[in-house]
J.: 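Below: one structure in structure tokens.
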Amino acid sequence: MAQHVNTTGNGLPGYAGDAGHADVDKGRQLSFAAADPEMAPQSNQLHQSLKGRHMQMIAIGGAIGSGLFIGSGGAFQSGGPASVLIGFTLVGVMIYFMMQALAELAVMYPINGAFTMYICRFVDPSWGWACGVEYAISWLTVLPFEITAACNIIHFWPGSEGINDAAWITPLLVALVVIQYFGVRGYGEVEFVLSMMKVAACIGFILLGIIINCGGVPTDNRGYIGNTYYKQPYSQAGFVNGFHGFCAVFVTAAFSYTGTELVGLAAAETANPKKEIPRAANQVVFRIALFYILNLALVGLDVPANSPLYEGASSSHGSPFVIAIQLAGIKYLPGIFNAIILISVMSVANSCTFGSTRTLQAMAANGMMPRIAAYVDKKGRPLTVIVLQLLLGLLAYIQLAPDGGTIFNWLLSLSGITVLFVFGSIALAHIRFRAAWKHHGHSVDDLPYKAAFGVWGSWVCLAINVIALLASFYTALYPVGGPYLVAQTFFVNYLAGPLIVFLYLIWKVYSWFKFPAHRPLWVAIQDIDVYTGMREGTLPVSGGVDVTDGHAEYTSEKKANGVAGYFRAAKNSLF
């Protein structure tokens, strides 16, 4: 790792020289290449190949995966339908506020690495490094898990019995290699197609769930169900295990929404981030309400929380969606929906390669990882980190070992609650950015995009994350069903907490000698650099902000002209 000369206030490695006004109009990103001449001839830029349709489907599909279709089964067991509905709604509100904050920052600074770099700039480089590394680790370890989950899903069909899992793991890994060959465009196209299928399945289940609940399925002898499963003897007003079970739902909910933040990572590879990122962020609230809350509400109405079918919650056999279809006695459809779950798992595996590789490459490009990881080839592919991710995908073969399940439990413990630290840190970075923006003499009106609820939304997001972390800590010590106060159980469920503290201390100690500017516990507001990497079209000048034609055009787009303008704005926000 090369030595750098830092001249900006917060001294983040990779900040190359003075972030003066002449450089801001170039939209220069925080780049290792800018700071280290040895790196410049070896590395190329990431390509801006993602179009609007890719961004919309990434925003939708990134959060629809095994957490919703399979993991929610465990949440119903632990907390019951009422706890699931409330818990997923609260976390959904937090996700919306987080996405608004991330959109404001990503439009202002469409830089490589997105939220990892925002945390480094606006909070503390050591904390940003810890969040970035743990976030990358979470994706690195989730990939082999998702591949083995795909094997379990395949076992839903009787014809797969007796076939070694290696027969499924190998082609799945090969498929991921092929996708990576086509770079970010390959990721975007695959995610677009898979997300379309997942969205169609969610909408189809909404219609089916309503029909099942109203007794409209001829093969279902239960007739009209209504809210029967919210009452005794199935549960108490929809709650199972009381407050204890409600706390257990938080981690599942947060894990299920993981992937929504990938829109921020994709900003540096999007052709028009100014337009597409706000659109994706504004639509999150409708997608959460439609694809998560409504689907889970129908599952809670149609499937009893004490259904013995939940015993297979580790595979699609325990998917509450498949169980709802099976209880209705519908033939063939469970197998079709199982195929959708398999597609969802592969979509998550596809996202794993994107989330981990872009995070590690950005950190390396800013001098916070070995510089070999910053290498990008002529086709815009960060080859070094892609190879690393795919090599770790080989851990999926652990599934073949007798104690493979135990090993995977420990691997997944490295991710666990990571997203709660990341989401909360994004909100904190937004709060401190707003404070620094004001300190430098700028008003909120100068921002090209403003979070819908401003810093108050970020404060609420941060508070919900803190509550979720406390609830996760409580259930790690006292898991539903016991045993209580067992060290192994605690670390399997909460290892990501001590890990992020450990990572933070590593960079704080290392940078104490390497980068003296990182020694403070946080970056002082007056030292935060709000200019480097700024979007083209916003030029800081003495005493204010000079709004260029591009910014003026954006501002005029936001204004609604009359009643028709307001209806047009509402339509654009929804669709």
Side-chain angles (χ1 to χ4, degrees), residues 58 61-72 74-75 95 115-116 131-153 165 168-169 172-173 175-177 179-180 187 190-191 194-195 198 251-262 265 313-316 341-360 385-399 404-423 472 491-497 499-500 503:
I58 290 172
I64 299 177
S66 56
L68 172 64
F69 290 131
I70 300 178
S72 58
I95 291 292
F115 49 82
T116 301
C131 287
V133 172
E134 183 155 295
Y135 181 77
I137 289 175
S138 70
W139 283 121
L140 289 170
T141 54
V142 164
L143 176 60
F145 170 76
E146 293 295 338
I147 293 174
T148 58
C151 294
N152 293 331
I153 292 168
D165 282 343
W168 314 117
I169 294 173
L172 293 176
L173 285 173
L176 288 174
V177 172
I179 293 171
Q180 293 306 306
Y187 162 73
V190 169
E191 199 61 28
L194 298 185
S195 294
K198 291 188 289 185
V251 177
T252 302
F255 179 79
S256 299
Y257 285 117
T258 302
T260 312
E261 75 288 347
L262 291 176
L265 274 181
S314 61
S315 68
S316 56
I341 296 176
L342 178 61
I343 289 170
S344 300
V345 169
M346 289 309 300
S347 174
V348 174
N350 188 38
S351 297
C352 287
T353 57
F354 183 81
S356 62
T357 56
R358 269 50 180 188
T359 300
L360 290 173
V385 286
I386 285 177
V387 170
L388 173 63
Q389 171 70 89
L390 294 176
L391 286 176
L392 286 177
L394 297 175
L395 292 175
Y397 289 104
I398 292 176
Q399 171 82 354
T406 302
I407 298 173
F408 269 117
N409 284 337
W410 283 106
L411 283 175
L412 289 177
S413 69
L414 298 175
S415 55
I417 57 173
T418 295
V419 290
L420 295 175
F421 290 110
V422 172
F423 293 160
S472 302
F491 283 109
V492 165
N493 293 319
Y494 213 80
L495 184 59
L499 176 62
I500 199 169
L503 292 171

J.: Hey, does Val190 have a side-chain heavy atom less than 4.5 Å from the side chain of Met346?
T.: no
J.: Working to the nearest 0.5 angstrom, can you tell me the gap between Thr252 OG1 and Ile70 CD1?
T.: 12.5 Å
J.: Quick one, Thr418 with Ile500, criterion side chain to side chain contact (heavy atoms under 4.5 Å, CB included). Give me CA distance, side-chain angles, the key distance, then yes/no.
T.: CA-CA 8 Å; Thr418 295; Ile500 199 169; over 6 Å; no
J.: With rounding to the nearest 0.5 angstrom, report the CH2 to CD distance, Trp139 to Glu134.
T.: 14.0 Å
J.: Any chance you could measure Phe145, atom CZ, to Ile407, atom CD1, to the nearest 0.5 Å?
T.: 14.5 Å
J.: Working to the nearest 0.5 angstrom, can you tell me the gap between Arg358 CZ and Thr116 OG1?
T.: 13.5 Å
J.: So, Tyr135 versus Glu261: side-chain donor-acceptor pair below 3.5 Å or not?
T.: yes
J.: Ignoring hydrogens, what is the shortest heavy-atom contact between Leu495 and Ser413? Give both atom names and the distance.
T.: CD2-OG, 3.3 Å
J.: Tell me yes or no: between the side chains of Gln389 and Thr353, is some donor less than 3.5 Å from an acceptor?
T.: no
J.: Working to the nearest 0.5 angstrom, can you tell me the gap between Leu143 CG and Leu395 CG?
T.: 9.0 Å
J.: If every non-hydrogen atom of Val422 is compared with every non-hydrogen atom of Cys131, which pair is closest and at what distance?
T.: CG2-O, 4.3 Å
J.: For a quick test of reading the model, state the closest non-hydrogen atom pair linking Leu420 to Ala254 and the distance between them.
T.: CD2-CB, 3.6 Å
J.: So which atom in Gly393 and which in Leu173 form the shortest heavy-atom distance, rounded to 0.1 Å?
T.: O-CD2, 3.8 Å
J.: For Leu176 and Ile147, what are the C-alpha separation, side-chain angles and deciding distance, and is it a side chain to side chain contact (heavy atoms under 4.5 Å, CB included)?
T.: CA-CA 10 Å; Leu176 288 174; Ile147 293 174; 4.1 Å; yes
J.: Which pair of heavy atoms, one from Gly497 and one from Ile417, lies closest together, and at what distance?
T.: N-CD1, 4.0 Å
J.: Measure the shortest side-chain to side-chain distance between Leu392 and Thr141 over non-hydrogen atoms and say whether it is less than 4.5 angstrom.
T.: no
J.: Are Leu262 and Phe354 side-chain neighbours, meaning at least one heavy-atom pair lies under 4.5 Å?
T.: yes
J.: Enter the distance from Ile386:CD1 to Leu391:CG here, rounded to the nearest 0.5 Å.
T.: 12.0 Å
J.: What's the shortest heavy-atom distance between Gly132 and Thr359, and which atoms?
T.: O-CG2, 3.5 Å
J.: For residues Gln180 and Asn350, determine if any side-chain heavy atom of one lies less than 4.5 Å from a side-chain heavy atom of the other.
T.: yes
J.: Check whether any side-chain heavy atom of Val345 lies under 4.5 Å from a side-chain heavy atom of Ile153, and answer yes or no.
T.: yes
